[in-house]
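Presented below is the structure to which this report refers.
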Amino acid sequence: MKHNQSSKQNQRISRISETTLVIGTDIAKHNHVARAFNYRGIELGTRCLFQNDENGLLNLLAWAESIQQEHGLTDVLLGVEPTGHYWFPLFHFLKRRGVEVVLVNPHHVKKSKELDDNSPTKNDIKDAKVVAKLVIDGRYTQPQLPEGVYADLRVLMNQRDRLCGDLNRVKGRIHNWLDRFFPEYTQVFKDWEGKASLITLQHFPLPKDVIAAGETTVVATWKKNDVQRAVGPKRASLLHRKAQKSIGLTEGTVAAKHELAMYLEQYAMLCRQLEQLMELVAGLVEQIPGATHMMSIPCIGLITVAGFLAEVGDLSGYDHSQQIVRHAGLSLRENSSGLHKGETTISKRGRCRLRALLFRAALTMVAKNPEFRALHLYFTTRRNNPLKKKQSMIAICNKLIRVLFELGRKQKNYDASKVLGPHREAQLQAAA
């Protein structure tokens with residue numbers, strides 16, 4: 001693996017020749033800085049200050065062209081430090097005009113900014129030079145932004161994360177409201193999100209409203225709103241008794257009813273938006289080859305597959321599954337020096353949403369999938385090098401990546417007999 005990485009870096013270095021103009025840029029929200037260098041790291045011309053609009057980017061291209069003509073250079077390689085989301089418009093604008101844009105790891109910029117002047121000073125002009133020097137050393141990557149259905153899927157899944165966060169906050173506020181004004185309510189409805197409970201909160205939110213309406217009116221309201229099962233006179237009687245003995249606040253109730261009404265309206269809107277969004281996601285996933293085969297894994301559903309493909313993109317762009325492991329930040333990081341050997345942990349250098357999604361999926365797989373549960377048992381109880389539970393979960397995440405990659409690339413359904421393999425099954429039997 002190290003030899004492969006070194007070979008790729010050699011290829012990136014050889015990409016830069018005597019005729020290459022290397023431009024390092026520092027991206028901000030409104031104003032950018034660019035500096036130009038040749039393949040030996042000698043600065044050419046003066047720095048270019050340009051704005052984040054069409055005129056500014058055209059000025060950047062004109063500045064680069066003038067330097068090319070002056071020094072007889074034929075091609076341009078522009079390096080960008082991808083901090084924030086401000087670099088996306090620049091990338092798409094320059095890509096449409098045939099300029100090759102590469103990315104430099106922000107961690108590398110931070111670690112190497114003191115090499116030239118031995119100073120921790122940080123500013124836009126200095127960062128542009130650091131970016132260019134890293135590109136000349138071959139320490140850059142080719143951006144692979146999602147396109148087509150994968151781009152739409154990433155936008156939708158990012159929006160789903162935001163909607164789920166907003167929905168959880170609204171649920172917390174409703175819980176807070178019930179704790180203050182009707183703390184006994186959850187003794188009547190264990191799940192306040194049920195249909196009958198939501199109708200009750202809309203029509204009889206406070207204990208005094210329940211008492212004033214009476215049990216018959218409450219039951220009639222439920223039936224009027226098509227609640228046919230699970231609730232009836234017994235539930236209404238229990239609600240009435242709890243309301244009579246409620247210790248909830250009795251001051252500020254007019255504003256409290258208005259507050260709850262707003263929360264319930266927000267809750268209904270977010271649930272509706274989430275449902276509509278998932279319909280769009282399901283339609284997009286159906287268009288991706290291999291997605292239905294990935295969902296043939298027991299305990300893996302639409303949300304997991306859609307989130308995986310949104311973060312990873314087109315599987316045909318990867319040579320092997322280990323690239324996705326590194327992309328998720330799940331590759332192992334060693335900490336040793338001389339006789340000291342520290343604990344090995346994951347790098348966490350990658351997409352945090354992909355890492356979180358895989359870990360949540362692994363928890364479900366270990367709990368409900370027989371093959372993955374057997375693997376987890378083997379990892380934690382084997383005689384040689386037994387893993388801790390969380391270490392085993394990381395190994396399960398990597399295994400899940402390999403399975404998803406295999407099913408998605410080859411477009412075949414899940415085969416439980418091939419997950420463990422004959423060698424692993426023999427080890428499990430020996431451990432048992």
Side-chain angles (χ1 to χ4, degrees), residues 155-281 301-304 307 352-353 356-357 359-360 363-364:
V155 172
L156 289 178
M157 292 307 292
N158 289 344
Q159 182 63 20
R160 180 186 178 276
D161 287 345
R162 287 190 286 270
L163 286 177
C164 289
D166 294 340
L167 186 59
N168 287 333
R169 281 187 284 273
V170 172
K171 289 180 180 180
R173 292 175 185 137
I174 294 176
H175 276 291
N176 178 278
W177 190 95
L178 290 173
D179 291 341
R180 286 182 287 137
F181 294 97
F182 203 164
E184 299 82 6
Y185 186 82
T186 53
Q187 299 177 18
V188 182
F189 295 99
K190 292 183 179 180
D191 180 14
W192 65 266
E193 297 182 69
K195 184 176 180 180
S197 173
L198 292 174
I199 293 171
T200 305
L201 291 175
Q202 290 172 358
H203 293 84
F204 318 106
L206 295 168
K208 65 178 183 180
D209 297 328
V210 176
I211 296 172
E215 300 175 20
T216 304
T217 304
V218 171
V219 174
T221 303
W222 289 341
K223 301 304 179 185
K224 182 180 178 181
N225 289 274
D226 296 328
V227 180
Q228 304 295 337
R229 300 176 58 186
V231 294
K234 290 184 179 180
R235 187 70 64 91
S237 176
L238 177 61
L239 179 65
H240 192 268
R241 292 198 304 271
K242 294 297 182 181
Q244 289 178 324
K245 298 181 180 180
S246 177
I247 60 172
L249 298 177
T250 56
E251 300 296 333
T253 54
V254 175
K257 292 176 69 173
H258 178 68
E259 179 187 11
L260 180 61
M262 288 194 300
Y263 291 157
L264 292 175
E265 184 179 353
Q266 293 173 7
Y267 172 82
M269 179 191 68
L270 291 171
C271 288
R272 184 176 63 255
Q273 290 179 346
L274 194 58
E275 183 178 355
Q276 294 171 351
L277 184 142
M278 290 310 300
E279 290 178 359
L280 293 175
V281 169
L302 173 64
I303 294 176
T304 301
C352 58
R353 286 182 176 175
L357 175 116
F359 191 81
R360 290 194 298 268
L363 289 174
T364 304

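This chain uses plain numbering: 1 for the first residue, then up along the sequence.
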Between the CZ atom in Arg353 and the CG atom in Asn158, the distance rounded to the nearest 0.5 Å is 4.0 Å
CG of Leu260 to CZ of Arg180, rounded to nearest 0.5 Å, is 10.0 Å
Value for NE2 (His240) from OG1 (Thr216), rounded to nearest 0.5 Å, stands at 9.5 Å
Exercise. Taking the side chain as C-beta and beyond, is there a heavy-atom pair between Tyr185 and Leu201 under 4.5 Å?
Worked result: yes
* Check the pair Lys195, Asp226 against side-chain contact (heavy atoms from CB on, under 4.5 Å), reporting the backbone distance first and the verdict last. => CA-CA 9 Å; Lys195 184 176 180 180; Asp226 296 328; 3.7 Å; yes
field: Test item: Cys271 and Leu167 side chains (from C-beta on) under 4.5 Å apart, heavy atoms
entry: yes
key: Heavy-atom check, side chain of Phe204 versus side chain of Thr221, under 4.5 Å   = yes
Exercise. Around atom NZ of Lys171, are there more than 12 heavy atoms of other residues, nucleotides or ligands at under 6.0 Å?
Worked result: yes
Separation between CG (Leu156) and CG (Leu277), nearest 0.5 Å, reads 5.0 Å
Decide yes or no for Lys242 and Val210: does some side-chain heavy atom of the first lie under 4.5 Å from some side-chain heavy atom of the second?
no
Worksheet item: Is it true that a side-chain atom of Lys208 and a backbone atom of Thr250 form a donor plus acceptor pair closer than 3.5 Å?
Response: no
Do other residues, nucleotides or ligands put more than 12 heavy atoms under 6.0 Å from the CD atom of Glu193? yes
Short question: side chain of Thr200, backbone of Ala196 - any donor-acceptor pair under 3.5 Å? yes
Checklist line | Lys/Arg N to Asp/Glu carboxylate O, Glu259 vs Arg173, below 4.0 Å | finding: no
*Could you verify whether a donor N or O on one side chain and an acceptor N or O on the other, from Arg162 and Gln159, lie under 3.5 Å apart?*
yes
Worksheet item: Do side-chain atoms of Ser237 reach the backbone of Pro233 as a donor and acceptor pair under 3.5 angstrom?
Response: no
**Student check: side-chain heavy atoms of Gln202 and Asn225 closer than 4.5 Å** = no
Worksheet item: Can we call the ring centroids of Phe182 and Trp192 under 6.0 Å apart?
Response: no
Test item: Leu302 and Met278 side chains (from C-beta on) under 4.5 Å apart, heavy atoms:
yes
- Mutual orientation of the aromatic rings belonging to Trp222 and Phe189 [parallel < 30°, tilted 30-60°, perpendicular > 60°]: perpendicular
To the nearest 0.5 Å, atom CD of Glu279 lies from atom CD of Gln276 at 7.0 Å
Tightest non-hydrogen contact, residues Leu239 and Val218, listed as CD2-CG1, 4.3 Å
Under 3.5 Å, side chain of Asn176 to main-chain N/O of Gly172, donor-acceptor pair present? no
Ala243 and Ile211 have their tightest heavy-atom pair at O-CD1, 3.7 Å
Here the pair of heavy atoms bringing Tyr263 nearest to Ile174 is CB-CG1, 3.7 Å
- [ ] Decide whether Thr364 and Arg360 meet the rule of one side-chain donor and one side-chain acceptor closer than 3.5 Å.
- [x] no
- Query: Is the side chain of Glu184 donor-acceptor paired with the backbone N or O of Ile247 at a distance under 3.5 Å, no angle test?
  - Reply: yes
Separation between CG (Leu264) and CD1 (Ile199), nearest 0.5 Å, reads 11.5 Å
Heavy-atom nearest pair, Val188 first then Arg235, reads O-NH1, 3.4 Å
